[in-house]
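This report concerns only the one structure given below.
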Amino acid sequence: MTDQVPKAARVVIIGGGIMGCSVAYHLTKCGVKDAVLLEQGRLSCGTTWHAAGLVGQLRTSSNITRLVQYSAELYARLEAETGQATGWKQCGSVLVARTPERAELFKRIASAAAAQGVSCESISTKAAADHYPIMRTDDIVGALWLPLDGKVNPADVTQALAKGARMGGVRILERTRVTAIHVQAGAATGVSTDKGEIKADIVVNCAGQWAKQVGRMCGVTVPLHSAEHMYIVTGRIDGVHPDLPVLRDPDGYIYVKEEVGGLLMGGFEPEAKPWAMNGIPENFEFGMLPDDWDQFEILMQNALIRLPALETAEIKTFMNGPESFTPDNNFILGEAPALKNFFVGAGFNSIGIASAGGAGRALAEWIVAGEPTSDLWPVDIRRFAPFYDNDVLLHDRVKEVLGLHYKMPWPNRELDSVRPFRRSPLYDRLADKYAVFGSKMGWERPNFFAPSKAEAKIDYSFGRQNWFPYAAAEHKAARETVAVFDQTSFAKFLLQGRDALSVLQRLCANEMNVPVGTSVYTGMLNKRGHYESDLTVGRIAHDRFLIVTGTAQATRDAVWINGHMPDGAHAFLTDMTSAYVVLAVMGPRARDLLARLTKAPLDNGAFPFGAIREIGIGNANVLAARRTYVGELGWELFVPVELATGVYDLIMSAGAEFGARDGGYYAIESLRLEKGYRAWGRELSPDINPFEAGLGFSVKLEKGDFIGRDALVAAKGKTLEKRLLSFVGLSADSPLAYGGELILRDGVRVGEVTSAAYGHTLQAIVALGFVKTEGMTTENLLDAKYQIDIAGHLIPVRASLKALYDPVGARTKI
Ligand SMILES: Cc1cc2nc3c(=O)[nH]c(=O)nc-3n(C[C@H](O)[C@H](O)[C@H](O)COP(=O)(O)OP(=O)(O)OC[C@H]3O[C@@H](n4cnc5c(N)ncnc54)[C@H](O)[C@@H]3O)c2cc1C
């Protein structure tokens, strides 16, 4: 076969690592045969050939776990299909805990694994020792056993995928470098290579650690940075055999796998060593970095503790290879927000071998269907914004990210690097009041307010963390007096123009043709009738709408709205996120407080629930929306950034009389869960429709056509397979839940907690979670006995379809 590039192909894939080959293979399974894969060197010569080959199945989200489960199934059967071995061995894996906290985490993981359908068992030290006789166990306080985990030979899997792709019709060209991406009218149309040009309908960037620079060829943000990642391989050791499980000792930062009768030992040190700050050298093919025993020392010391046999083992190889890491330690998948028909599958954070099977299939399906076929939000490229395309930011973040693999994933854990970053104008004022901030989409957001500088920190634990009483006081203020929340990080858009209403009518499931001055809570759904977003739209003029959506949804929602704008529509979307501070004034005294500062009438008749209009606060005009996410009387004030400090000061000084206090996101979480309010990315996702989520009230099938309507018409009236329920604990002092826990009904596994907190008003844990209905009537569903598995403790809870806290009916409407 000639190595001349073809003139055209339906799909061009850049990169012949495991991911590019997996996408190529799965495209053929989706019926796409006219695809070309271009590799600048030889297949697997980038990062793939370095890999240790561990395939660990459990991930933090069910759908991402399912991707890895599929990888394992695929690697097990590829040889039979292609004749090319993959080295797959289902050897299982053992995880050991050195601390009681890690041991508790393991019990929580076992519960989450059961909810996700992964085989995973909390085992005794003795059982761990039986699985791994050569390890030292006298310092171990807990262990996990995952029997279905395994290992592969990464280069062989890549060849097997490539072979399967070729068998399905894909052309693979090695030694062919992509030098430019062709763009026309906002869409990718092909590539230039060092051997000629190829026109393409779709271009897929699977260029591994090069993916950032390939993205930059066409203005696409692929936020990743390389870091050095190291392991050693020893000569033969007595007692080491091919069936030995993979061993992970996260408190010692290490993983260990059998390799030709010896051990391969690597790990994730707490502070990583970023690499290639000035770009990746040309021709880094099958490249290796120099040994760095200083960087490796922390891993070596810990390995010697766990595996005394290493003391005398011969070190045959020191492997130091670069791998790319992303700002949140999740990989990057999907169609680029900035460029149509340009897809990315990269940034695998050292789990690319385990992930590539499932990720390649998911990306191939996305390419063919034009949208993801399941909820991929944790890895979706639309979770990033262009500001992530900054090398200083990425370099500083990557130092921290590599270590996250084994760092304790405490509830509410925040990252420390690149902080503080995006700041509301109130940041300094709130910091002076000992706000402790968390970070979302780069925004610093107050999580709680401490009483003193000394307490302005988080002491992580699974129990009641140090901030528990402070968040409780903020929660109480919102329920009994008034609390003020800085929610500036909300994403905000203006949609304006003659066709703005018709565009929204098509995008939104609720009725958008409402009187000016009304705001509407609605879902934006996909063709399957599942959530793409949930948001609030305020009609502020006949042809002008303020769209307010979640902090993390800024890119995603803009892409969805713009992507569904009919050609020639007179409707224009502008991101206003940085133009407005949002102050949420919430609580039974909110009206009294604001009445001190405005002449605008705020009574129910003049300013009913759902109204949105401009009012004066002192000498500043602000947009006020009467709504709530905490279940109390309240207004969200959209204040021009330059007026925000003045308005905030006025509110806080007038609020003193009513006991107003600042509140943070931890209080918002407990308040909203008592009211059963759903959150995007937890309860609402592209796998869920409004009926399952109990949000049928926000769907108006009778209004005419909208995206997802046909699917909802078909679903309406049918028995729901799963339903979202609220749960409240029956006692005040149970262990705390944080989401991901297993739900049991009458002793049988039926679902997973999506969000949980301690409800300070109800004095018990409160949670939302989906359960299988198994055809039960609503009455039977609610009458059943439910338990939540929290670290192996089965905590009895009561289920409800209604808000758990709603003392005077719709108190919000008072
Ligand atoms: C030491 C080490 C150990 C690891 N261990 C594990 C493990 O045990 N388990 C696990 O799951 N993961 C592991 N990983 C991570 C895993 O190796 C990677 O996540 C995975 O290989 C990434 O695959 P990829 O296809 O995205 O990238 P790559 O393998 O780097 O492939 C990208 C390809 O794109 C090509 N390319 C780039 N630019 C161009 C261009 N302009 N034109 C044409 N071609 C181009 C490159 O040459 C390269 O071959 C490890 C990584 C390292 C470094």
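As the structure lists them, so they are numbered: ligands from 1, and atoms in each ligand from 1.
- Not a single heavy atom of Leu43 sits closer than 4.0 Å to an atom of ligand 1.
- Proximity to Gly53 (heavy-atom distance under 4.0 Å) selects the following atoms of ligand 1: 7 (C), 8 (O).
- Here the protein heavy atom with the shortest distance to atom 38 (N) of ligand 1 is Trp210 CB, 3.5 Å.
- The option from Cys45, Gly15, Cys21, Ala51 that lies nearest to atom 14 (N) of ligand 1, judged by heavy atoms, is Ala51.
- Every heavy atom of Ala346 sits 4.0 Å or more from the atoms of ligand 1.
- Here is the list of ligand 1 atoms found below 4.0 Å of a heavy atom in Ile351: 10 (C), 11 (O), 12 (N).
- Close contacts between ligand 1 and Leu38 involve ligand atoms 43 (C), 44 (N) [criterion: under 4.0 Å to a heavy atom].
- Ligand 1 has a nitrogen or oxygen under 3.5 angstrom from a nitrogen or oxygen of Ser350.
- For ligand 1, the atoms lying closer than 4.0 Å to a non-hydrogen atom of Ala52 are 3 (C), 4 (C), 5 (N), 6 (C), 7 (C), 8 (O).
- Looking at Lys89 and Asp243, a side-chain N of the basic residue comes within less than 4.0 Å of a carboxylate O on the acidic one, giving a salt bridge.
- Some N or O of Gly352 is nearer than 3.5 Å to an N or O of ligand 1, by distance alone.
- Protein heavy atom closest to atom 41 (N) of ligand 1, with residue, atom name and distance, is Val178 O, 3.1 Å.
- Considering only heavy atoms from C-beta on, Gln116 stays 4.5 Å or farther from Gln69 through its side chain.
- What sits closest to atom 22 (C) of ligand 1 on the protein, heavy atoms only, is Thr48 OG1, 4.2 Å.
- The shortest N or O to N or O distance between Thr47 and ligand 1 is under 3.5 Å.
- At under 3.5 Å, not a single nitrogen or oxygen of Val214, backbone or side chain, sits near a nitrogen or oxygen of ligand 1.
- Contacts between Ile353 and ligand 1 below 4.0 angstrom, taking non-hydrogen atoms only, involve backbone and side chain alike.
- Using a 3.5 Å distance cut-off with no hydrogens or angles, the side chains of Thr179 and Asp194 do not pair a donor with an acceptor.
- The option with the heavy atom closest to atom 3 (C) of ligand 1, from among Met217, Lys151, His229, Glu285, is His229.
- Nearest non-hydrogen protein atom to atom 26 (O) of ligand 1 is Phe348 CD1, 3.6 Å.
- In this structure, the protein non-hydrogen atom closest to atom 39 (C) of ligand 1 is Gln40 OE1, 3.5 Å.
- The nearest protein atom to atom 47 (O) of ligand 1, hydrogens excluded, is given as Glu39 OE2, 2.7 Å; this is a heavy-atom distance.
- Geometrically, ligand 1 and Ile14 share no nitrogen or oxygen pair separated by less than 3.5 Å.
- No side-chain heavy atom of Glu271 sits under 4.5 Å from any side-chain heavy atom of Ile298.
- Protein heavy atom closest to atom 25 (O) of ligand 1, with residue, atom name and distance, is Met19 N, 3.0 Å.
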>> Before you tell me yes or no, could you show the steps for Glu285 and Arg175 under salt bridge (charged side-chain N to carboxylate O under 4.0 Å, His left out), namely the whole-Å CA-CA distance, both residues' side-chain angles and the distance that decides it to 0.1 Å?
In response: CA-CA 10 Å; Glu285 184 179 338; Arg175 304 233 167 276; 2.9 Å; yes
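- Atom 15 (C) of ligand 1 has its closest protein heavy atom at Glu323 OE2, 3.3 Å.
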